[in-house]
Asks: 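Below is a structure I'd like to ask you about.
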Amino acid sequence: MTTITNHRWVNMLERKWLSHKRYWYLISLVLPTLPLVSAYMAVHFQQGAWFWSVLPVGYVLIPALDLIFGKDHANPSDEQVELLKNDRYFARVLYCATAMHWAAMIGVAYVASHWEWSWPAILGAGLSAGMVNGVGLAIGHELGHKVTDDQQTLAGKLVIACCGYGHFIVEHNKGHHKDVATPEDPASARLGESIYRFACRELPGTMVRALKLEASRLQRQNKHWWSPQNEILQQWAFTLVAYGLMLYFWGLVLLPYLFLAAIFGWWQLTSANYVEHYGLLRQKEANGRYQRCESKHSWNSNFKLSNLFLVHLQRHSDHHAHPTRPYQVLRDFDDVPQLPQGYFAMFFLALFPPLWFAVMNHRVVAWAAGDMNLVNLDPAKRDALFQRYHQPTSESPE
């Protein structure tokens with residue numbers, strides 16, 4: 001009787017949470033305001049150390065709050081999905097986030113250029129803006145998948161332009177989603193590969209793939225690479241104009257800030273790519289093609305608070321199984337690979353490869369039931385990884 005009562009109580013709480021959750025997505029507007037707050041505090045107290053305050057929020061405070069608030073196991077019912085998926089409120093939240101990200105980028109640039117700051121202060125300002133730009137890429141990721149909605153696609157391009165990652169939508173939608181969890185995908189990390197080696201492969205690899213994909217699309221339409229319809233050049237042009245105007249009006253002193261804000265934003269996306277598919281592998285079928293991407297081919301993380309900040313990017317298993325499903329109706333499942341913490345904590349952990357391997361390698365091996373033939377392995381470490389981990393069981397996944 002007690003078990004039934006507890007189950008009903010949990011269901012009631014989940015229904016109540018789902019009814020209020022739409023408003024909690026406004027938390028995604030909080031992080032873009034933090035660089036502005038830090039800049040204000042730096043000016044008010046004349047202490048450049050305030051520029052650094054965003055980083056401990058991301059790497060320490062949010063993971064701690066994830067542990068306090070726990071996981072979000074509530075999934076919308078089929079009826080709720082139908083009501084929620086076309087609700088324009090959720091798109092408007094992302095539009096507001098897009099505006100806030102640009103406000104943060106420009107606001108901190110103004111403060112960085114109009115007062116005298118030490119190099120450590122400028123470094124903190126750039127890294128803090130870059131961390132927030134990484135969150136902006138999560139917003140752009142969601143908007144960029146709405147290929148049938150010109151308004152959302154445009155907003156996605158604009159927020160991604162904050163850090164100049166203009167090739168992302170083309171590469172992600174047409175490249176990553178096609179090749180994910182295979183050796184062909186530069187954005188899928190391999191078992192035994194550190195984030196630093198991964199970045200050296202992923203950053204140039206995804207850009208090259210995006211350029212090839214866009215060139216092929218334009219060629220099919222009999223258009224030149226320098227066509228106004230080139231989606232990559234459109235976004236790069238917006239970044240160049242925005243950055244150029246800030247440099248023109250506020251001086252070349254902004255160059256270090258803009259460079260750091262862009263590059264560290266790229267690093268945040270690289271970190272996400274690294275943790276989302278680490279070691280997971282889709283198998284080839286008899287026809288030589290890879291099996292369809294399923295929820296088991298992505299690492300999931302369902303911590304409530306960080307998922308609100310990242311508009312459910314961490315429900316990555318459902319996202320890759322259903323790429324066009326909007327963030328507000330993405331679901332959680334118990335039978336998918338689970339990260340031990342939210343993305344912010346995992347990004348920090350990945351900075352220390354021995355710790356990352358200690359936490360994640362045995363999880364990948366367990367996912368493959370000990371059969372290393374079913375794992376996406378770093379070729380340079382293949383023999384050593386086989387020797388250490390290969391112990392296949394009858395429960396090995398197909």
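Small disclaimer: the values here were computed from a predicted structure and weren't measured.
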Asks: Keeping the roles fixed (side chain from Tyr389, backbone from His362), state whether a donor-acceptor pair exists under 3.5 Å.
Replies: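 No; zero donor-acceptor contacts below 3.5 Å.
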Asks: With a 4.5 Å cut-off on side-chain heavy atoms, are Leu349 and Gln341 touching?
Replies: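 They are not in contact (no side-chain heavy atoms under 4.5 Å apart), so the answer is no.
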Asks: Which atom names give the shortest non-hydrogen contact between Gln268 and Gly134, and what distance separates them?
Replies: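 So the minimum-distance heavy-atom pair works out to CB-CA, 3.5 Å.
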Asks: Listing request: all side chain to side chain donor-acceptor pair (under 3.5 Å) pairs with a residue in residues 40-61, at least two apart in sequence or in separate chains.
Replies: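 Applying side chain to side chain donor-acceptor pair (under 3.5 Å) to every pair that reaches into residues 40-61, excluding sequence neighbours, yields nothing.
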Asks: Okay, side chain of Ser216, backbone of Lys212: is any donor-acceptor separation there less than 3.5 Å?
Replies: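 No.
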Asks: So do Pro183 and Leu281 actually touch side chain to side chain, heavy atoms under 4.5 Å?
Replies: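 Sidechains of Pro183 and Leu281: in contact.
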Asks: Treating Trp250 as the side-chain partner and His114 as the backbone partner, does any N or O pair qualify as donor plus acceptor under 3.5 Å?
Replies: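 Not a single qualifying donor-acceptor pair exists.
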Asks: Hydrophobic cluster membership, with links at side-chain heavy-atom distances under 4.5 Å among I/L/V/M/F/W/Y: are Leu245 and Leu240 in one?
Replies: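 No, it is not one cluster - the side chains of Leu245 and Leu240 are not joined through contacts under 4.5 Å.
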Asks: If you count every heavy atom of other residues, nucleotides or ligands that lies below 6.0 Å from Glu116 atom CD, does the total exceed 12?
Replies: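 Open: at most 12 neighbouring heavy atoms sit under 6.0 Å from CD of Glu116.
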Asks: Do any N or O atoms from the side chain of Asn300 and from the backbone of His316 form a donor-acceptor pair under 3.5 angstrom?
Replies: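 Answer holds: yes.
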Asks: Does Lys174 pair with Glu171 as a salt bridge, N-O distance under 4.0 Å?
Replies: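 Between Glu171 and Lys174 there is no salt bridge, as every charged N stays at least 4.0 Å from the carboxylate O atoms.
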Asks: Evaluate the criterion ring pair (Phe, Tyr, Trp, His ring centres under 6.0 Å) for residue pair His277 and His176; output intermediate values, then yes/no.
Replies: CA-CA 11 Å; His277 306 282; His176 177 62; 5.1 Å; yes
Asks: Show the nearest heavy-atom pair for residues Pro256 and Ile122, with the distance to one decimal.
Replies: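 In this case the closest contact between Pro256 and Ile122 is CB-CG2, 4.2 Å.
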Asks: Can you tell me how far apart OG1 (Thr206) and CG (Leu269) are? Round to the nearest 0.5 Å.
Replies: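 So the OG1 of Thr206 and the CG of Leu269 are separated by 7.5 Å.
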Asks: Using a 6.0 Å cut-off, check whether atom CZ of Arg22 has over 12 heavy atoms from anything other than its own residue.
Replies: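 More than 12 heavy atoms, drawn from other residues, nucleotides or ligands, come within 6.0 Å of this atom.
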Asks: Are any side-chain N or O atoms of Trp266 and backbone N or O atoms of Cys163, one a donor and one an acceptor, separated by less than 3.5 Å?
Replies: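 Yes, because the side chain of Trp266 sits within donor-acceptor range (under 3.5 Å) of the backbone of Cys163.
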Asks: Counting distance only, does the side-chain N/O of Asp66 pair as donor-acceptor with the main-chain N or O of Ser306 below 3.5 Å?
Replies: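 Yes, because the side chain of Asp66 sits within donor-acceptor range (under 3.5 Å) of the backbone of Ser306.
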Asks: Do other residues, nucleotides or ligands put more than 12 heavy atoms under 6.0 Å from Glu285 CD?
Replies: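 Yes, enclosed.
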Asks: Are side-chain heavy atoms of Leu377 and Arg190 found at a separation under 4.5 Å?
Replies: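 A side-chain contact under 4.5 Å is absent here.
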Asks: Around atom NZ of Lys381, are there more than 12 heavy atoms from other residues, nucleotides or ligands closer than 6.0 Å?
Replies: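 Yes - once you tally the heavy atoms of other residues, nucleotides and ligands closer than 6.0 Å, there are more than 12.
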Asks: Has Phe386 got more than 12 heavy atoms of other residues, nucleotides or ligands less than 6.0 Å from its CZ?
Replies: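 Yes, the 6.0 Å shell around CZ holds more than 12 heavy atoms from other groups.
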Asks: For Gly144 and Asn173, which heavy atoms make the closest approach, and how far apart are they?
Replies: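 So the two residues come closest at O-ND2, 2.9 Å.
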Asks: Answer yes if Met100 and Val93 sit in the same cluster of Ile, Leu, Val, Met, Phe, Trp and Tyr residues linked by side chain heavy atoms under 4.5 Å apart, and no otherwise.
Replies: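 Not linked; separate clusters.
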Asks: Any donor-acceptor pair under 3.5 Å linking the side-chain atoms of Tyr278 with those of Asn361?
Replies: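 Yes, a side-chain donor-acceptor pair sits under 3.5 Å.
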Asks: Run the side-chain hydrogen bond (donor to acceptor under 3.5 Å, both in side chains) check on Ser298 and Glu276 step by step: do they pass?
Replies: CA-CA 6 Å; Ser298 305; Glu276 285 167 350; over 6 Å; no
Asks: With the 4.5 Å side-chain cut-off for hydrophobic clustering, are Leu65 and Val135 part of the same group?
Replies: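 Cluster IDs for Leu65 and Val135 match.
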Asks: Between Asp371 and Val375, which heavy-atom pair has the shortest distance, and what is it?
Replies: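 What the structure gives for the nearest pair is O-CG2, 3.9 Å.
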Asks: Ignoring hydrogens and geometry, is there a side-chain-to-backbone donor-acceptor pair from Arg282 to Val180 under 3.5 Å?
Replies: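 Yes; at least one donor-acceptor contact below 3.5 Å.
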Asks: I'd like to check Trp267 versus Met131 (side-chain heavy atoms, cut-off strictly below 4.5 Å). Are they in contact?
Replies: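 In short, these two side chains do not touch, never coming nearer than 4.5 Å.
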Asks: Gln152 versus Glu142: any side-chain heavy-atom pair under 4.5 Å?
Replies: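 They are not in contact (no side-chain heavy atoms under 4.5 Å apart), so the answer is no.
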Asks: Please name all residues satisfying salt bridge (Lys or Arg N to Asp or Glu O under 4.0 Å) with Glu184, sequence neighbours left out, ordered by chain then number.
Replies: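 Testing Glu184 for salt bridge (Lys or Arg N to Asp or Glu O under 4.0 Å), a comparison that skips the adjacent residues, returns none.
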Asks: Side-chain contact, heavy-atom cut-off 4.5 Å: Tyr274 with Phe347?
Replies: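 Tyr274 does not reach Phe347 side chain to side chain.
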Asks: Could you walk me through whether Leu127 and Phe51 pass side chain to side chain contact (heavy atoms under 4.5 Å, CB included), step by step?
Replies: CA-CA 9 Å; Leu127 293 179; Phe51 283 118; over 6 Å; no
Asks: CD of Gln219 to CD of Glu214: how many Å apart, nearest 0.5 Å?
Replies: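 It is 12.0 Å, given to the nearest 0.5 Å.
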Asks: I'd like to know if Ile232 and Tyr165 are part of one continuous hydrophobic network [Ile/Leu/Val/Met/Phe/Trp/Tyr, side-chain heavy atoms within less than 4.5 Å].
Replies: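 Per the 4.5 Å side-chain linkage, Tyr165 and Ile232 are co-clustered.
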Asks: Determine, step by step, whether Val311 and Leu94 satisfy the side chain to side chain contact (heavy atoms under 4.5 Å, CB included) criterion, reporting the C-alpha distance in whole Å, the side-chain angles of both residues, the deciding distance to 0.1 Å, and the verdict.
Replies: CA-CA 9 Å; Val311 291; Leu94 302 183; 3.9 Å; yes
Asks: Should we count CH2 of Trp24 as having more than 12 external heavy atoms under 6.0 Å?
Replies: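 Not buried by this count: 12 neighbours or fewer within 6.0 Å.
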Asks: So, Lys296 and Asp335, do they make that salt bridge, N to O below 4.0 Å?
Replies: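 Not counted as a salt bridge, because no side-chain N and carboxylate O are separated by less than 4.0 Å.
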Asks: Does any pair with a residue in residues 93-112 pass side chain to side chain donor-acceptor pair (under 3.5 Å), and if so which ones, sequence neighbours excluded?
Replies: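 Pairs touching residues 93-112 that pass the test: Arg88-Tyr95.
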Asks: Determine the sole option in Lys178, Arg209, Arg201 for which the salt bridge (Lys or Arg N to Asp or Glu O under 4.0 Å) test with Asp185 is passed.
Replies: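 Exactly one option meets the salt bridge (Lys or Arg N to Asp or Glu O under 4.0 Å) with Asp185, and it is Arg209.
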Asks: Is there any side chain to side chain donor-acceptor pair (under 3.5 Å) pair reaching into residues 229-240, and which pairs are they, with sequence neighbours excluded?
Replies: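 For residues 229-240, and leaving out neighbouring residues, the side chain to side chain donor-acceptor pair (under 3.5 Å) pairs sorted by first residue read Lys157-Gln234, Ser227-Gln229.
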Asks: Applying side-chain contact (heavy atoms from CB on, under 4.5 Å), name anything that partners Ser77, two or more places apart in sequence or on another chain.
Replies: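 For Ser77 the side-chain contact (heavy atoms from CB on, under 4.5 Å) partners, ignoring immediate neighbours, are Glu79, Gln80.
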Asks: Looking at Asp318 and Leu330, would you say the former's side chain and the latter's main chain have a donor-acceptor pair under 3.5 Å?
Replies: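 Side chain of Asp318 to backbone of Leu330: no pair is present.
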Asks: Considering non-hydrogen atoms only, spot the tightest contact between Leu218 and His224 and give its length.
Replies: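 Taking Leu218 first and His224 second, the nearest heavy atoms are CD1-O, 3.8 Å.
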Asks: Taking Gln328 for the side chain and Leu84 for the main chain, is one N or O donor matched with an acceptor at less than 3.5 Å?
Replies: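 Looks like yes, one N/O pair under 3.5 Å.
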Asks: Answer whether the closest heavy-atom distance between the side chains of Phe344 and Leu61 falls below 4.5 Å.
Replies: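 Side chain of Phe344 against side chain of Leu61, heavy atoms only: no contact under 4.5 Å found.
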Asks: Determine whether Lys146 and Pro326 make a side-chain contact, defined as any pair of heavy atoms from C-beta on separated by less than 4.5 Å.
Replies: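 A side-chain contact under 4.5 Å exists here.
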Asks: What are the two closest non-hydrogen atoms of Tyr89 and Tyr23, and how far apart are they?
Replies: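 Residues Tyr89 and Tyr23, closest heavy atoms: OH-CA, 3.6 Å.
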Asks: Show your working on ring pair (Phe, Tyr, Trp, His ring centres under 6.0 Å) between Phe303 and Tyr343 and close with a plain yes or no.
Replies: CA-CA 9 Å; Phe303 285 89; Tyr343 276 17; over 10 Å; no
Asks: Has the side chain of Trp117 got a donor or acceptor atom that lies under 3.5 Å from a matching backbone atom of Val111?
Replies: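 A pair under 3.5 Å: yes.
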Asks: Could you go through the side chain to side chain contact (heavy atoms under 4.5 Å, CB included) check for Tyr257 and Met105 one step at a time?
Replies: CA-CA 10 Å; Tyr257 163 75; Met105 189 70 185; 3.8 Å; yes
Asks: In chain order, what residues pass the side-chain contact (heavy atoms from CB on, under 4.5 Å) check against His177, with sequence neighbours excluded?
Replies: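 His177 satisfies side-chain contact (heavy atoms from CB on, under 4.5 Å) with His145, His172, His319, His320, Pro323 once adjacent residues are dropped.
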Asks: Between Asn373 and His390, does a side chain to side chain contact (heavy atoms under 4.5 Å, CB included) hold up when you go through it step by step?
Replies: CA-CA 8 Å; Asn373 292 298; His390 187 60; 3.8 Å; yes
